[in-house]
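To start, the structure under review is shown below, and the notes come after it.
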Protein chains: 2
Amino acid sequence: MKTENTETEILNAAKEIFQQKGMAGARMQEIADKAQINKALLHYYYRSKQLLFEAVFKSAFMLLAPQLNKVLNDDSDLFEKIRRFTENYVSFVIKHPYLPNFVIQELNKNPEFVLKLQSEKNFPSIDKFKLQVSDAVKQGVIMPIEAEQLFINIISLNIFPFIGEPLLKALVNVDKESYNKILENRKTEVAEFIINSIKNNKNEN
Amino acid sequence: MKTENTETEILNAAKEIFQQKGMAGARMQEIADKAQINKALLHYYYRSKQLLFEAVFKSAFMLLAPQLNKVLNDDSDLFEKIRRFTENYVSFVIKHPYLPNFVIQELNKNPEFVLKLQSEKNFPSIDKFKLQVSDAVKQGVIMPIEAEQLFINIISLNIFPFIGEPLLKALVNVDKESYNKILENRKTEVAEFIINSIKNNKNEN
DNA sequence: ATACGGTTTAACCATTTGGTTGACAAAGGT
DNA sequence: ACCTTTGTCAACCAAATGGTTAAACCGTAT
């Protein structure tokens with residue numbers, strides 16, 4: 001009886017395959033091979049491809065959510081928060097290289113999926129961040145900007161370089177190694193780029 | 001004999017299906033249905049799913065490339081160029097909503113694809129942009145920044161809000177209509193955000 | 001030892017899917 | 001008129017694919 005072990009073995013194999021090939025491109029047999037078990041076991045534990053996929057997807061999102069919460073519900077100072085998030089995010093994605101792309105991609109092909117996620121307890125909420133931004137604006141720490149726009153900017157600058165890697169690597173015309181250096185530099189560059197844009201230079205208090 | 005017409009009819013149908021469902025998710029029968037022709041005709045004109053897909057992909061990229069060239073090889077002033085690009089890009093994507101996501105996605109699943117694209121004559125090159133940025137830095141118009149980083153920032157801020165729409169819409173917690181308003185505002189907001197970040201305030205010459 | 005529960009497998013099944021074939025129609029040249 | 005080329009289709013095919021089944025396996029409680 002390996003019981004519990006097999007189930008997670010399957011989930012791990014499924015994560016790899018689904019995240020690399022997507023729902024449509026993944027093959028149940030390939031997942032079974034990677035988990036080194038009989039294909040029937042996939043159905044024994046997860047009933048169907050759809051359900052196995054949903055387990056993988058939910059698990060992936062649950063890994064991503066706390067990352068996003070770092071920008072949204074952390075209590076630290078706005079600038080510090082931006083710095084910490086941009087620095088942490090790179091290391092996170094290096095550990096899970098296919099994850100952001102996977103989540104984005106499947107969400108695009110299945111937009112109603114988001115409803116299931118939103119009902120989860122720890123789904124990130126932007127409310128606290130909005131207050132923090134409007135406070136910073138009122139106190140003259142930063143130039144007027146809508147929290148939504150700032151949030152979208154932060155996320156875009158951090159996530160897209162990974163999702164668009166093949167395209168950007170070709171456009172910037174560098175090899176894998178140089179691109180990784182560029183990404184490494186972004187750990188600090190992006191935060192300064194953002195802060196530089198929003199900080200209010202007229203008030204030096 | 002409708003000849004020439006059928007071929008483009010197929011390509012148009014294939015574009016829609018492939019861009020929405022990706023290579024793996026697309027079905028030849030569905031493309032034939034959308035083109036209102038017999039499935040055998042798909043193979044008569046394009047031999048295989050792979051070749052039909054490549055035709056669609058290349059055509060999609062050829063639409064995207066000139067957009068990117070606007071940032072790279074246009075002769076206008078740096079700030080003006082950034083403003084024009086961010087403004088134009090939104091209208092472009094509204095016309096081709098699935099296109100950027102499609103290109104990014106298939107490039108991720110097929111990174112060697114990029115080689116075929118790079119050999120094309122009008123593949124965007126960053127060289128001119130690099131010169132322009134380093135000149136602007138030398139002349140004190142903008143703060144020191146590497147052209148590659150600036151380029152990645154511009155592209156990220158403009159493309160990601162579309163690719164990540166389902167995710168961002170949920171995180172920012174707004175409906176389709178409000179999100180579109182946010183995107184509309186970004187036509188100008190993004191350019192100012194970028195320029196604000198890089199422009200040198202100390203030299204007012 | 002035996003019976004029982006959950007676990008695992010090989011073999012199997014129905015459907016889907018990309019691709020092919022052969023007949024036939026519609027021009028177009030001679 | 002007749003033959004060749006091109007375009008179109010219904011029917012067909014083999015392979016792949018998600019899913020099922022019935023039997024075997026195995027630890028454990030009786």
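Labels below follow one simple rule: chain letters A, B, ... track the order of the sequence lines, proteins then strands, and each chain is numbered from 1.
- No hydrogens or angles were tested; on distance alone, nothing pairs the side chain of B/K49 with the base of C/dG19 as donor and acceptor under 3.5 Å.
- Taking atom OH on A/Y45 and atom P on C/dG6, their separation rounds to 12 Å, with Å as the unit.
- A donor-acceptor pair shorter than 3.5 Å can be found between the side chains of A/D33 and A/Q29.
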>> Between B/Y98 and B/F102, does the ring pair (Phe, Tyr, Trp, His ring centres under 6.0 Å) criterion hold? Intermediate values first, please.
In response: CA-CA 6 Å; B/Y98 294 98; B/F102 170 68; 9.7 Å; no

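- Checked by atom type, the side-chain pair B/K109/A/Q20 shows no donor-acceptor distance below 3.5 Å.
- Taking atom CD1 on A/I31 and atom C1' on D/dG19, their separation rounds to 14 Å, with Å as the unit.
- D/dG18 atom C1' lies 10 Å from atom CE of A/M23, rounded to whole Å.
- The distance between atom CG of A/N5 and atom P of C/dT7, rounded to the nearest whole Å, is 12 Å.
- The side chain of A/N38 approaches C/dA10 more closely than any other nucleotide in the set D/dA10, C/dA10, C/dG19.
- Panel note: side chain B/K49, backbone B/A26; a donor-acceptor pair is recorded below 3.5 Å.
- Taking the side chain of A/Y44 as heavy atoms from C-beta on, and the options C/dT21, D/dG18, C/dT7, the nearest nucleotide is C/dT7.
- Computed from coordinates, the B/L41 CG to D/dA10 P distance equals 10 Å when rounded to whole Å.
- Proximity of A/T6 to the phosphate of C/dT8: a side-chain N or O atom is located under 4.0 Å from OP1 or OP2.
- For the pair A/K39 NZ and C/dC12 P, the computed distance is 14 Å after rounding to whole Å.
- Comparing D/dT17, D/dT20, D/dC9 by their nearest atom to the side chain of A/H43 picks out D/dT20.
- Note: OH (B/Y46) to P (C/dT20) measures 17 Å, nearest angstrom.
- If you take CD1 of A/I37 and P of C/dG6, they are 19 Å apart, rounded to a whole angstrom.
- Distances shown here put every side-chain N or O of A/R27 at or beyond 4.0 Å from the OP1 or OP2 atom of D/dA16.
- Closest to the B/A40 side chain, of the nucleotides D/dA10, C/dT7, C/dG19, is D/dA10.
- Judged purely by distance below 3.5 Å, without hydrogens or angles, the side chains of A/N153 and A/S156 never pair a donor atom with an acceptor atom.
- Taking every side-chain heavy atom of B/M28 into account, C/dG19 is the closest of D/dT20, D/dC9, C/dG19.
- Counting any heavy atom pair closer than 4.0 Å across all strands shown, A/A32 reaches no nucleic acid atom.
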